[in-house]
Amino acid sequence: MHHDIERCVRAVQSKDARFDGWFFTAVLTTGIYCRPSCPAVPPKPANMTFYPSAAACQQAGFRACKRCRPDTSPGSPEWNARADAVARAMRLIGDGVVDREGVPGLAARLGYSTRQIERQLRAELGAGPLALARAQRAQTARVLIETTGLPMAEIAFAAGFASVRTFNDTVREVFALAPGELRARAARRAGNPSAATGSRTPGAITLRLPYRAPLNPDNLFGHLAATAVPGVEEWRDGAYRRTLGLPYGHGIVALAPRPDHIACKLHLTDARDLTIAISRARWLLDLDADPVAVDEQLRTDPLLRPLVDKAPGRRVPRTVDAAEFAVRAVLGQQVSTAAARTHAARLVTAHGEPVEDPEGGLTRLFPGPAALAGLDPEALALPRSRRTTLTTLVAALADGTVRLGVDSDWDEARARLSALPGFGPWTVEVVAMRALGDPDAFLPTDLGMRRAAKALGLPSGPAALTAHAAAWRPWRAYAVQYLWATDDHPINFLPHDEKVPA
């Protein structure tokens, strides 16, 4: 979008928050860059130039605006709607791969050379993988500076910097403030001067996760709460809480809907996992979606329009671990939500790694493929055919025959899943929708879908419904959420009829 100058200028002049994350405005006269919705007086069009990423702005010598904090805007929805190499690379960078494995590790995961990845990212984003990862490290450092009392040296290494000097130089360059000044400024803004001295709850990090409005929390949090596995997930005090398995340790995240953001509280055993924990929380709640674009497309169908107008901004509830969701999808085949939870809880109790929850309530991580590799099928209270499906899936995930993650090629993953015994179209598509994040995944054979379609006057047969849904592409996964919402099922409501606080 940053090449469409007139459209960008109009968005900036109208302070349109819908375009935050789509592009960034660099002001030639001040040397700063902003999000489109910056509350400051818009500069003259002649003084604006536009970039596709914060990293490109920083690489061009611009520093982040202190008022609109462009580094905290939602991510570009393009990376979630595409499956090409650039989109997959951006999802991997967001997941911290460059910091852990370097650019060669990123390229190897994508099956390209480092030169090819560098060239493709520069062509589309104006910055290479190292610059993009650096921008992410700067944002992680800012969160730790402003929300924790950690010493600056610990923050530097937790954010992924190789040295304290590099950390100091980067923070000054990106934010035009030294780390100490950034912490003091945040404390003054919060009206809590003591925060500048580091009086924060040890191990707890609180922050706001931005999103593009509108956001309907009912099906999003209702689905997560209704399917929560005891010990791994829970709904408590208006927040969804769950354990996280992370590269350097484990964590517990609490996510609560608010009118203009998602309140996020993290307990991490290792602060180096902050970036990936935030990335996975955003992915879980589909916070980088563009609901305006989605809803506009779905409204073109007169039969869907009333559903969209009634409760716009539905998201697709996803997962923090694709392999976990695939296992749970098999456990949930042809059984009730309650039965699926029971089966999953038994696996967790038998094979999940124990964790300590500082607030009590959560006790274990969901077991990964390696922990389940020695699973005794006779110990599973499942039909024999489903035992075979589960053990075959676990073996394929453990040996890499099936790879599921943010870097997955959606078509290849579908083909490999379809080759496994017991994986029919419904299971494959629900994994594509909620684990892989394909916005066009579709479930025409789902009973709830067919029931809703019939009630609305849509074709209810799988083939006819698929043909009709061609007009909803590439957002059929969101159409599924609207159709499911017509059912009186707990997944469609905030638990205990709780509403978003005013």
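The basis for the numbers below is simple: all heavy atoms, side chains too, and nothing from hydrogens, waters or symmetry mates.
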Is the Trp472 ring parallel, tilted or perpendicular to the Phe442 ring (thresholds 30°, 60°)?
-> perpendicular

Would you list the atom pairs, donor with acceptor, under 3.5 Å between side chains in residues 128-137 and any protein atom, with sequence neighbours excluded?
unit_1: Arg134; atom_1: NH2; unit_2: Glu173; atom_2: OE1; d: 3.0
unit_1: Arg134; atom_1: NH2; unit_2: Glu173; atom_2: OE2; d: 3.4
unit_1: Gln136; atom_1: NE2; unit_2: Ile93; atom_2: O; d: 2.8
unit_1: Arg137; atom_1: NH1; unit_2: Asp99; atom_2: OD1; d: 2.6

How would you list, by chain and number, every residue that makes a side-chain hydrogen bond (donor to acceptor under 3.5 Å, both in side chains) with Ser113, sequence neighbours excluded?
-> Gln116

Cationic tip of Arg272 within the cone over Tyr248's six-membered ring, i.e. under 6.0 Å and within 45° of the normal?
-> yes

Contact list for residues 35-61, test salt bridge (charged side-chain N to carboxylate O under 4.0 Å, His left out), sequence neighbours left out | Asp20-Arg35

Apply side-chain hydrogen bond (donor to acceptor under 3.5 Å, both in side chains) to Ser163 and list each qualifying residue two or more places apart in sequence or on a separate chain.
-> Thr166

Residue pairs fulfilling salt bridge (charged side-chain N to carboxylate O under 4.0 Å, His left out) with at least one residue in residues 102-116, sequence neighbours excluded = Glu101-Arg109

What pairs of residues pass the salt bridge (charged side-chain N to carboxylate O under 4.0 Å, His left out) test when at least one of them lies in residues 6-15, not counting sequence neighbours?
-> none

Go through the structure and list residues passing ring-ring contact (aromatic ring centres under 6.0 Å, His included) with Phe167, not counting sequence neighbours.
-> Phe161

May I ask you to decide if Trp410's main-chain N or O and Ser408's side chain share a donor-acceptor pair within less than 3.5 Å?
-> no

Residues that Trp79 engages under side-chain hydrogen bond (donor to acceptor under 3.5 Å, both in side chains), provided they are two or more places apart = none

Checking Thr114 side chain against Val103 main chain: does a donor-acceptor pair fall under 3.5 Å?
-> no

Identify which one of Glu181, Arg183, Arg185 satisfies the side-chain contact (heavy atoms from CB on, under 4.5 Å) criterion when paired with Ile145.
-> Arg183

Sequence-distant partners of Arg473, salt bridge (Lys or Arg N to Asp or Glu O under 4.0 Å), two or more places apart | Asp440

Salt bridge (Lys or Arg N to Asp or Glu O under 4.0 Å) with Asp309: which residues, sequence neighbours excluded?
-> Arg299

Pair Phe23 + Phe50: ring centers closer than 6.0 Å = yes

Going by the salt bridge (charged side-chain N to carboxylate O under 4.0 Å, His left out) test, which pairs reach into residues 273-294, not counting sequence neighbours?
-> Asp95-Arg280, Arg282-Asp288, Asp286-Arg318

With sequence neighbours excluded, what pairs up with Ser53 under the side-chain hydrogen bond (donor to acceptor under 3.5 Å, both in side chains) test?
-> none

